[in-house]
Amino acid sequence: MLQACLKGIFLGWVLVAALAHAQLTIEITQGVDDPTVIAVPPIDLRGGGLDTDLGSIVAADLERSGLFAPVARGNMLSFPSNLGEIHYRDWRILGTEYLVVGEASRIGEGRIKVDFALVAVPGERTVLNQSVQGRASDLRGIAHYISDKVYEAITGIRGVFSTRLAYITVTPAPGGEMTYRLMVSDADGARERMLLKSNEPLLSPTWSPDGRELAYVSFETGRPAIFRQRLADASREQVTAFRGLNGAPAWSPDGRRLALVLSKDGNPEIYTLDLVTGEFTRVTRHFAIDTEPNWTPDGRSLVFTSDRGGSPQIYRIDLGSRDIERITFRGNYNARPRLAPDGRTLVMVHRDNGQFHIASLDLKTEDFRILSRTSLDESPTVAPNGAMVLYATKRNGKGVLAAVSIDAGVKFFLPTREGDVREPAWSPFL
Amino acid sequence: MSMQALKTGFFVSLLSLLLAACAGTTTEDQAAGPADTGAVAGDEVATGTVADSDIAGGDLGAGGVATVFYFEFDKAVLKPEARAALDVHARRLKNNPRQVRIEGHADERGTREYNIALAERRANAVKEYLVLQGVDSSLMEVISYGEERPAALGSDEEAYALNRRVELKEAR
């Protein structure tokens with residue numbers, strides 16, 4: 001038993017390398033009816049030599065958006081790597097609408113340059129023709145950059161392939177305990193890294209607006225406390241240590257404040273903490289539960305969950321005037337609000353016939369729609385371009401991450417992991 | 001069905017035994033604070049360290065008195081059997097004052113932070129009952145875990161009923 005305990009006491013970085021190259025299969029369960037046909041032949045050094053084919057990463061990125069149907073490699077009649085090598089008839093015959101070509105070259109100590117182009121096949125028009133440089137150890141980062149440029153050129157929406165996800169995994173440990181890990185990965189689930197491991201619960205990870213830090217709740221002290229931690233060097237700092245709840249941290253858009261929940265006054269209330277001065281300001285005053293704050297993009301208001309009306313519903317409070325307004329009225333359970341970057345679309349957890357789903361509410365038109373139809377759906381997080389919502393759900397009794405487009409047209413599951421995966425948090429643009 | 005309950009019961013007792021054992025053997029030399037790890041090559045994410053916690057079990061359940069109290073869905077009202085057991089705990093705590101933890105738990109339905117708030121309500125109901133019976137409130141600390149530490153795994157009514165609970169534990 002002692003050995004189990006000692007093993008349980010944390011020794012962090014051992015697993016990091018082992019987890020770095022998980023096999024990834026993204027399962028798309030629903031795409032748009034008429035996806036754009038795009039072809040991405042191999043992108044490599046002339047004559048080959050890269051250990052990662054950038055073209056296949058770009059194709060997988062685009063496919064995962066649900067808006068594109070990549071041409072299978074086996075069907076391609078040629079593998080052009082620059083504009084001069086394109087034979088348009090090879091692509092017309094396959095019904096290809098867009099073609100991405102690219103070629104990598106070494107440009108010095110550990111660095112790679114990729115020249116790439118995007119062409120529209122029907123008009124034989126060059127849409128993009130540019131280059132990107134990066135570390136040879138960061139081929140996936142280079143590929144995601146190309147994906148972002150291609151996606152934006154075709155859809156007009158900024159791509160999020162270069163962003164990251166944070167989430168919590170939970171695995172059984174020897175002796176019936178559980179091991180909680182705070183993980184960070186690329187937006188496609190690849191390059192998973194462990195930021196923290198604990199025998200006590202970890203929850204509610206949230207990104208700083210500069211993408212360099214996470215705040216989260218850890219029970220490692222035997223009670224809940226909010227911590228902040230830098231990604232680059234893992235340095236961490238305990239932010240709160242009050243009696244009772246210390247939960248639901250949310251970074252303000254300017255990065256200066258954290259909204260959070262404390263129950264030191266007897267019941268859960270929302271506070272803001274000025275991270276520069278260390279000053280706490282109480283925001284709500286009500287005997288009901290007030291929790292799960294999220295900032296409006298202008299930083300002037302918070303949306304939050306409260307059961308002050310008898311059931312959990314979403315409210316908005318103006319931080320200046322302290323005026324409070326109820327936002328949700330449909331059903332008797334709406335919680336954990338997250339605003340899209342435009343401040344107009346609110347996503348939440350909504351109970352419908354005893355089932356928990358992710359729903360969206362357009363704050364202008366009041367158009368309400370249920371986005372997910374899996375069960376026990378929770379923890380929605382909106383991509384920084386506002387196009388996708390990632391959330392946690394249960395599948396075959398296991399916690400997994402799933403994604404749905406904000407118009408509910410595209411749905412997919414992220415690669416499964418060992419144990420339960422929960423509480424995704426989508427990073428800002430990096 | 002009863003097999004599942006039996007297994008869960010066993011699991012819970014094993015868990016508390018292990019927790020007690022851990023608390024007895026763990027030292028405080030891993031203080032929470034900056035970790036001394038280097039950056040992970042390739043993508044600027046390093047791993048931090050946490051200190052082990054000081055949660056303990058204890059002999060509050062001596063004589064077969066319940067230390068776990070169950071609740072109805074979405075409710076924080078004590079059941080009669082919980083009151084009877086808490087009367088015994090109140091007498092013991094008054095005769096032999098010591099620090100206790102009152103840990104609140106919820107089932108997995110609903111959002112995590114909201115469930116932590118709900119489970120705190122349940123733990124507070126236990127604390128308030130003990131205060132009414134004359135226990136010094138400064139002896140008691142309420143800690144809510146919400147749905148983060150289920151006693152039973154699974155997404156069915158049986159597991160949910162076992163997970164909506166408050167556990168009374170001795171603090172060390």
Side-chain angles (χ1 to χ4, degrees), chain A residues 1-2 4-5 8-10 12-13 16 137-138 141 175-178 184 191 193-201 203-204 218-224 229 231-236 238 243-245 247-248 261 263 268 289 291-292 305 312 333 335-336 349 351 356 376 378-379 394 397 423, chain B residues 10-12 14-15 17-19 21-27 30 32-56 74 101 108-114 116-118 120-121 124 141-150 153-155 171:
Chain A
M1 247 185 273
L2 173 59
C5 293
I9 294 170
F10 176 67
W13 45 95
V16 170
S137 58
D138 187 26
E177 293 204 49
M178 304 299 262
V184 172
R191 293 198 291 192
R193 297 286 195 217
M194 181 168 70
L195 202 59
L196 193 71
K197 178 178 167 186
S198 179
N199 284 344
E200 299 296 330
L203 72 155
S204 300
S218 169
F219 279 74
E220 69 197 61
T221 59
R223 40 188 71 79
Q229 182 166 355
L231 270 66
D233 61 4
S235 60
R236 53 200 298 265
Q238 187 169 342
R243 280 213 150 209
L245 301 189
V261 174
S263 65
I289 291 171
T291 187
E292 303 176 322
T305 310
Y333 195 108
R336 220 248 189 199
V349 175
R351 187 170 64 197
F356 292 88
L376 289 166
E378 62 177 5
S379 307
K394 281 244 170 139
E423 294 197 277
Chain B
F10 176 72
F11 176 75
V12 171
L14 191 67
L15 186 67
L17 271 174
L18 279 166
L19 283 173
C22 278
T25 53
T26 302
T27 54
Q30 290 199 333
D36 60 344
T37 60
V40 176
D43 84 340
E44 293 172 354
V45 177
T47 301
T49 59
V50 303
D52 205 34
S53 68
D54 56 354
I55 300 171
D74 211 20
R101 289 166 62 92
E108 67 177 349
R109 290 171 293 179
T111 66
R112 291 177 180 276
E113 288 282 2
Y114 189 75
I116 286 193
L118 275 181
E120 187 188 48
R121 250 185 208 163
N124 276 330
E141 181 177 7
V142 162
I143 290 128
S144 178
Y145 284 93
E147 62 182 278
E148 307 304 321
R149 277 195 167 278
L153 301 176
S155 300

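Reckoned from all heavy atoms, side chains included, excluding hydrogens, waters and symmetry mates. Lettering follows sequence order; numbering is per chain, from 1.
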* Asked: Would you say A:Glu292 and B:Tyr114 make side-chain contact, with heavy atoms under 4.5 Å?
  -> yes
* **Geometric class of the A:Tyr333/A:Phe356 ring pair [parallel <30°, tilted 30-60°, perpendicular >60°]** => perpendicular
* **A:Leu245, part contacting chain B, at a heavy-atom distance under 4.5 Å** => both
* **B:Asp74 versus chain A, the contacting section by heavy-atom distance below 4.5 Å** => neither
* To do: Evaluate side-chain contact (heavy atoms from CB on, under 4.5 Å) for A:Leu203 paired with B:Glu148, printing each intermediate quantity in order.
  => CA-CA 8 Å; A:Leu203 72 155; B:Glu148 307 304 321; 3.6 Å; yes
* Determine the option with the most heavy-atom pairs under 4.5 angstrom with chain B, choosing from A:Gly141, A:Ser263, A:Pro224. => A:Ser263
* Pair B:Arg149 + A:Glu200, salt bridge at N-O below 4.0 Å -> yes
* **For chain B, the option from A:Gln229, A:Arg351, A:Glu423 that forms the most heavy-atom pairs under 4.5 Å** => A:Glu423
* Is it the backbone or the side chain of B:Glu120 that comes under 4.5 Å from a heavy atom of chain A, or both, or neither? -> side chain
* Asked: Is a salt bridge present between B:Arg112 and A:Glu378, judged by a nitrogen-to-oxygen distance below 4.0 Å?
  -> yes
* Pick from B:Glu141, B:Arg109, B:Glu108 with the largest number of heavy-atom pairs that fall under 4.5 Å of chain A -> B:Glu141
* To do: May I ask you to test the A:Leu196-A:Arg236 pair for a side-chain heavy-atom distance under 4.5 Å?
  => yes
* **Engaged part of B:Ser144 at the chain A interface, taking heavy atoms whose separation is under 4.5 Å** => both
* Structure fact -> Looking only at A:Ala248, A:Ala335, A:Ser218, A:Gly397, the option with the highest number of non-hydrogen pairs under 4.5 Å against chain B is A:Ala248
* Considering only heavy atoms, which portion of A:Ile289 lies under 4.5 Å from any heavy atom of chain B: side chain, backbone, both, or neither? -> both
* Structure fact -> The interface call for B:Ile116 against chain A, heavy-atom contacts under 4.5 Å, is both
